[in-house]
**Student:** 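Here it is, the structure in full.
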Amino acid sequence: ALGLESGWNYRGGSEGTVFIEAQRLLGLSKELRAGRHLFQSDFLIGYRHAWNDILGRELMISLIIDSERKSEFLFNSSYKQRLSDTWQMELQLRYINAPSKGKQQAGLSPFHKSTQLEFRLTRFF
């Protein structure tokens, strides 16, 4: 795996960060790689925005694309913020597109068209 991250500050104190990563299993054929790991030859690109305000608001978006199975991708997004001194909420969305080719399912294909929406409410003591 090889990754790169670059961040900067906006006026008003918020921060932006872009991250890119590539991962590949080496020393195996394409067929063996497919059966060994979900992310056998993939690229990730993402963005994180932190407002750095009293609510602690933060947005993160990422996309993982498989370089060997061209139609396979995983999209994630999340937003969180404090509601008060003791409560925080977080909303997450995940979508997987991974159609299988033939009878053998590989990578994320068992989760094809899976959509997950999660709302989390946390109380701190």
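Numbering starts at 1 and runs along the sequence shown.
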**Student:** Would you say Glu58 and Gln81 make side-chain contact, with heavy atoms under 4.5 Å?
**Tutor:**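 Not in contact.
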**Student:** Please enumerate all residues that pass salt bridge (Lys or Arg N to Asp or Glu O under 4.0 Å) together with Arg120, with sequence neighbours excluded.
**Tutor:**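 Result, salt bridge (Lys or Arg N to Asp or Glu O under 4.0 Å) vs Arg120: Glu90, Glu118.
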**Student:** Can Ile96 be reached from Met60 by stepping across I, L, V, M, F, W or Y side chains whose heavy atoms are under 4.5 Å apart?
**Tutor:**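 Yes; Ile96 is reachable from Met60 via cluster members.
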**Student:** Would you say Phe119 ends up clustered with Leu83 if hydrophobic residues are merged whenever their side chains have heavy atoms under 4.5 Å apart, either directly or through other cluster members?
**Tutor:**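 Same cluster.
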**Student:** Between Asn52 (side chain only) and Gly56 (backbone N and O only), is there a donor and an acceptor less than 3.5 Å apart?
**Tutor:**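 Not confirmed, Asn52 side chain does not pair with Gly56 backbone.
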**Student:** Which distance, rounded to the nearest 0.5 Å, do you find between the CG of Leu55 and the NZ of Lys80?
**Tutor:**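 Interatomic distance, Leu55 CG to Lys80 NZ, rounded to 0.5 Å: 13.5 Å.
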**Student:** If you count the non-hydrogen atoms of other residues, nucleotides and ligands that lie under 6.0 Å from CG in Asp85, is the total more than 12?
**Tutor:**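 Atom CG in Asp85 is not packed in, count stays at 12 or less.
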**Student:** With rounding to the nearest 0.5 angstrom, report the CG to OG distance, Asn97 to Ser71.
**Tutor:**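 So the gap between those two atoms works out to 6.0 Å.
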**Student:** Measure the OG1-CD distance between Thr122 and Gln88 for me, rounded to the nearest 0.5 Å.
**Tutor:**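 The distance works out to 5.5 Å.
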**Student:** Is the shortest side-chain heavy-atom distance between Arg48 and Glu15 below 4.5 Å?
**Tutor:**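 Yes, at least one pair of side-chain atoms sits under 4.5 Å.
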**Student:** Quick check: is Leu117 connected to Ile61 through a chain of hydrophobic side chains (ILVMFWY, heavy atoms under 4.5 Å apart)?
**Tutor:**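 Yes, same cluster.
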**Student:** Can you say whether the rings of Phe73 and Tyr95 are parallel (under 30°), tilted (30 to 60°) or perpendicular (over 60°)?
**Tutor:**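 The arrangement is tilted - the two ring planes meet at 30° to 60°.
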**Student:** Flag yes if Phe19 and Leu59 sit in one hydrophobic cluster, no otherwise; membership is Ile, Leu, Val, Met, Phe, Trp, Tyr, and two members link when side-chain heavy atoms are under 4.5 Å apart.
**Tutor:**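 No.
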**Student:** Counting C-beta onward and ignoring hydrogens, is there a side-chain heavy-atom pair between Gln92 and Ser77 closer than 4.5 Å?
**Tutor:**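 No; the side chains remain at least 4.5 Å from each other.
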**Student:** Which value, rounded to the nearest 0.5 Å, describes the distance between Thr115 atom OG1 and Leu93 atom CG?
**Tutor:**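 It comes to 7.0 Å.
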**Student:** Measuring from atom CD1 of Ile45 to atom CG of Leu63, what distance do you get when rounded to the nearest 0.5 angstrom?
**Tutor:**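 It is 8.0 Å, given to the nearest 0.5 Å.
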**Student:** Roughly how far apart are Ile20 CD1 and Leu4 CG, rounded to 0.5 Å?
**Tutor:**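 Between Ile20 CD1 and Leu4 CG, I get 5.5 Å after rounding to 0.5 Å.
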**Student:** Hydrophobic cluster membership, with links at side-chain heavy-atom distances under 4.5 Å among I/L/V/M/F/W/Y: are Trp87 and Leu91 in one?
**Tutor:**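 Yes, Trp87 connects to Leu91 through the hydrophobic network.
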**Student:** What is the minimum heavy-atom distance between His112 and Ala98, and which atoms define it?
**Tutor:**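 Result for this residue pair: ND1-N, 2.9 Å.
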**Student:** Could you pull out the closest heavy-atom pair between Tyr10 and Gly16, with the gap in Å?
**Tutor:**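 What the structure gives for the nearest pair is CE1-N, 3.7 Å.
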**Student:** Assess whether atom CG of Leu121 is packed by more than 12 heavy atoms of other residues, nucleotides or ligands within 6.0 Å.
**Tutor:**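 More than 12 heavy atoms, drawn from other residues, nucleotides or ligands, come within 6.0 Å of this atom.
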**Student:** When you look at Val18 and Glu5, which way does the side-chain contact (heavy atoms from CB on, under 4.5 Å) test go after all the steps?
**Tutor:** CA-CA 6 Å; Val18 169; Glu5 182 177 311; over 6 Å; no
**Student:** What's the verdict on side-chain hydrogen bond (donor to acceptor under 3.5 Å, both in side chains) for Arg24 and Ser41, showing C-alpha distance, side-chain angles and the deciding distance?
**Tutor:** CA-CA 4 Å; Arg24 183 169 183 127; Ser41 185; 3.3 Å; yes
